[in-house]
Amino acid sequence: MEKENNLFSREASAWFRGIAILMVILSHYAQWWSWFHVEEGFRELVRLALSKMGPYGVAIFFLFSGYGLAKSAGKERITFYFVIRRLINVYIPYLIIVFLIETLSGGFESSRDFLRILHGQDFWYMTVIFLFYIGFIIIWFAVKNNHMRMLLLCLFLYGCNYMLKEGGKQDFWYLSNWAFPIGVGSAVYEEKIEAVWHKAGVVFTLVFAAATVWVVYSGLFTVHSWTSLEEEILYKTWAVVIFTVFIAAIASWGLKYDPILQFAGKYSLYFYLTHTFIFMAVVNTLEIDFGLRFAVASLAIITVSLLLGKSIDYLCKILMRIMQNKE
């Protein structure tokens with residue numbers, strides 16, 4: 001398919017989102033596996049590698065979310081319709097699924113439960129992406145110059161990271177966050193990036209591929225000894241940034257992408273929101289071999305997520321038509 005004159009095609013975005021949700025779920029599976037079985041040798045190395053993929057998978061989401069958001073906004077100021085579209089496409093599906101989960105888990109005990117859900121407290125990724133959306137919308141509405149927009153967005157993101165870190169949040173709350181402005185910047189400076197790409201794209205990709213190999217190796221075999229927590233966080237953040245740029249480089253080539261992962265990427269939000277709840281429900285209910293429990297949980301996650309995704313997407317399309325008719 002054609003690239004549609006975009007740095008990242010729709011097919012690339014969907015395919016990499018499919019890869020991203022697979023990375024996130026596998027990272028959780030690798031952590032949960034250790035509850036049931038202790039691995040050794042090469043098997044433990046594989047489990048450890050899988051368990052560390054989470055921040056990198058999230059970085060892919062942030063990269064393409066930032067790019068898609070900036071492309072949708074265009075070069076002009078944010079409109080009311082743009083904000084409503086974001087609410088319908090992201091926030092409403094989130095609310096529906098989380099209210100279902102909360103109800104199935106025993107219901108709401110106080111008004112605090114409602115407030116907790118509204119800002120995504122139980123789903124850290126949603127909390128962070130909501131913050132980014134709010135910051136982006138305010139900046140793009142208030143400022144027209146793209147250079148100033150990017151500067152303010154980076155300052156906003158730095159403030160978010162500082163707030164999360166000082167607030168005692170675990171490092172996965174902020175390790176992946178710089179991928180978002182990388183995605184936004186890819187859209188804002190798209191023409192300039194493509195011009196550079198025609199001249200040095202291959203070299204650029206190879207350099208970041210080699211850097212990514214080093215990131216993976218050093219992460220697995222711990223070749224660094226940290227002198228402080230700040231040094232460790234700085235290194236891990238740069239590792240995610242290097243990986244993000246490498247993914248952006250590959251995605252810009254306009255390759256052919258298989259439809260299965262594209263399909264998974266289309267419904268990645270639903271997989272993310274449901275997989276922990278469904279997994280815990282299955283493994284805590286079934287009294288069979290733990291390996292079979294993982295398999296059954298996987299099938300349940302795929303089935304329920306797709307059914308919810310199809311149903312909620314249909315509802316959101318109806319809401320979008322209603323909003324368009326009012327415009």
Give a yes or no answer on whether the side chain of [X] reaches the backbone of [Y] with a donor-acceptor pair at less than 3.5 Å.
X: Asn6; Y: Ser9; result: no
X: Asp258; Y: Leu261; result: yes
X: Ser27; Y: Val24; result: yes
X: Arg17; Y: Ala264; result: no
X: Arg86; Y: Tyr133; result: no
X: Ser305; Y: Ile302; result: no
X: Gln262; Y: Trp15; result: no
X: Tyr67; Y: Leu7; result: yes
X: Ser252; Y: Ala249; result: yes
X: Ser176; Y: Pro55; result: yes

Does the side chain of [Y] come within less than 4.5 Å of [X]'s, by heavy atoms?
X: Val184; Y: Leu69; result: no
X: Phe246; Y: Thr244; result: no
X: Phe271; Y: Leu22; result: no
X: Leu131; Y: Met163; result: yes
X: Ser65; Y: Ile129; result: yes
X: Phe156; Y: Leu152; result: no
X: Ser51; Y: Leu48; result: yes
X: Ser105; Y: Ile101; result: yes

Inspect the surroundings of [atom1] in [X] and state if more than 12 heavy atoms from other residues, nucleotides or ligands are less than 6.0 Å away.
X: Tyr158; atom1: OH; result: no
X: Ile260; atom1: CD1; result: no
X: Phe141; atom1: CZ; result: no
X: Phe36; atom1: CZ; result: yes
X: Glu166; atom1: CD; result: yes
X: Met280; atom1: CE; result: yes

Are the ring centres of Tyr174 and Tyr162 closer than 6.0 Å?
->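 That pair fails the under 6.0 Å test.
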Minimum heavy-atom separation for [X] to [Y], with atom names?
X: Lys266; Y: Asp313; answer: CE-OD2, 4.4 Å
X: Pro93; Y: Leu269; answer: CB-CD2, 4.1 Å
X: Asn146; Y: Tyr189; answer: O-OH, 4.0 Å
X: Thr285; Y: Ala281; answer: OG1-O, 2.5 Å
X: Ala251; Y: Ala12; answer: O-CB, 4.0 Å
X: Phe8; Y: Ala248; answer: CE2-O, 3.3 Å

Starting at [atom1] of [X], measure out to [atom2] of [Y] and round the result to the nearest 0.5 Å.
X: Thr303; Y: Leu308; atom1: OG1; atom2: CG; result: 11.0 Å
X: Leu175; Y: Glu232; atom1: CG; atom2: CD; result: 9.0 Å
X: Phe294; Y: Ile288; atom1: CZ; atom2: CD1; result: 11.5 Å
X: Ile88; Y: Ile92; atom1: CD1; atom2: CD1; result: 5.5 Å
X: Trp178; Y: Leu63; atom1: CH2; atom2: CG; result: 15.0 Å
X: Leu273; Y: Leu95; atom1: CG; atom2: CG; result: 10.0 Å

Taking it one step at a time, do Ser298 and Tyr29 satisfy side-chain hydrogen bond (donor to acceptor under 3.5 Å, both in side chains)?
-> CA-CA 10 Å; Ser298 299; Tyr29 268 34; 2.9 Å; yes
Can you tell me how the ring of [X] sits relative to the ring of [Y], calling it parallel under 30°, perpendicular over 60° and tilted otherwise?
X: Trp140; Y: Phe136; value: parallel
X: Tyr272; Y: Tyr125; value: perpendicular
X: His28; Y: His275; value: parallel
X: Trp173; Y: Trp124; value: tilted
X: Trp197; Y: Trp253; value: tilted

How far apart are the C-alpha atoms of Ile138 and Ile78, what are their side-chain angles, what is the distance that settles it, and do they pass the side-chain contact (heavy atoms from CB on, under 4.5 Å) test?
-> CA-CA 8 Å; Ile138 292 172; Ile78 294 292; over 6 Å; no
Does a salt bridge link Lys71 with Glu190, judged by any charged N lying under 4.0 Å from a carboxylate O?
->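 A salt bridge links Lys71 with Glu190.
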Presence of salt bridge, Glu230 and Lys165, under 4.0 angstrom = yes
Only counting residues at least two apart or in another chain, list the ones meeting side-chain contact (heavy atoms from CB on, under 4.5 Å) with Ile242.
-> Phe208, Ala211, Thr212, Val215
Starting from the C-alpha separation in whole Å, work towards a yes-or-no answer on ring-ring contact (aromatic ring centres under 6.0 Å, His included) for Phe290 and Trp33.
-> CA-CA 9 Å; Phe290 70 89; Trp33 186 269; 4.8 Å; yes
Kindly determine whether Tyr267 and Phe263 satisfy ring-ring contact (aromatic ring centres under 6.0 Å, His included), including the steps that lead there.
-> CA-CA 7 Å; Tyr267 294 99; Phe263 187 73; 5.2 Å; yes
Establish whether Val240 and Leu234 are linked, either directly or via other cluster members, by ILVMFWY side-chain heavy-atom contacts under 4.5 Å.
->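 Yes: a chain of side-chain contacts under 4.5 Å links Val240 to Leu234.
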Linking I/L/V/M/F/W/Y whenever their side-chain heavy atoms sit closer than 4.5 Å, directly or via other members, would Val38 and Leu50 fall into one cluster?
->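 Val38 does not cluster with Leu50.
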side-chain contact (heavy atoms from CB on, under 4.5 Å) between Tyr270 and Ile301, worked out = CA-CA 9 Å; Tyr270 302 99; Ile301 289 166; over 6 Å; no
Trace of the ring-ring contact (aromatic ring centres under 6.0 Å, His included) decision for Tyr91 with Phe130 = CA-CA 9 Å; Tyr91 195 57; Phe130 292 157; 5.2 Å; yes
Do Phe132 and Phe62 pass the ring-ring contact (aromatic ring centres under 6.0 Å, His included) test, and can you show the C-alpha distance, the side-chain angles, and the key distance before you say yes or no?
-> CA-CA 9 Å; Phe132 291 171; Phe62 284 155; 5.3 Å; yes
Would you check, one step at a time, whether the test side-chain contact (heavy atoms from CB on, under 4.5 Å) holds for Phe123 with Thr276?
-> CA-CA 10 Å; Phe123 296 86; Thr276 300; over 6 Å; no
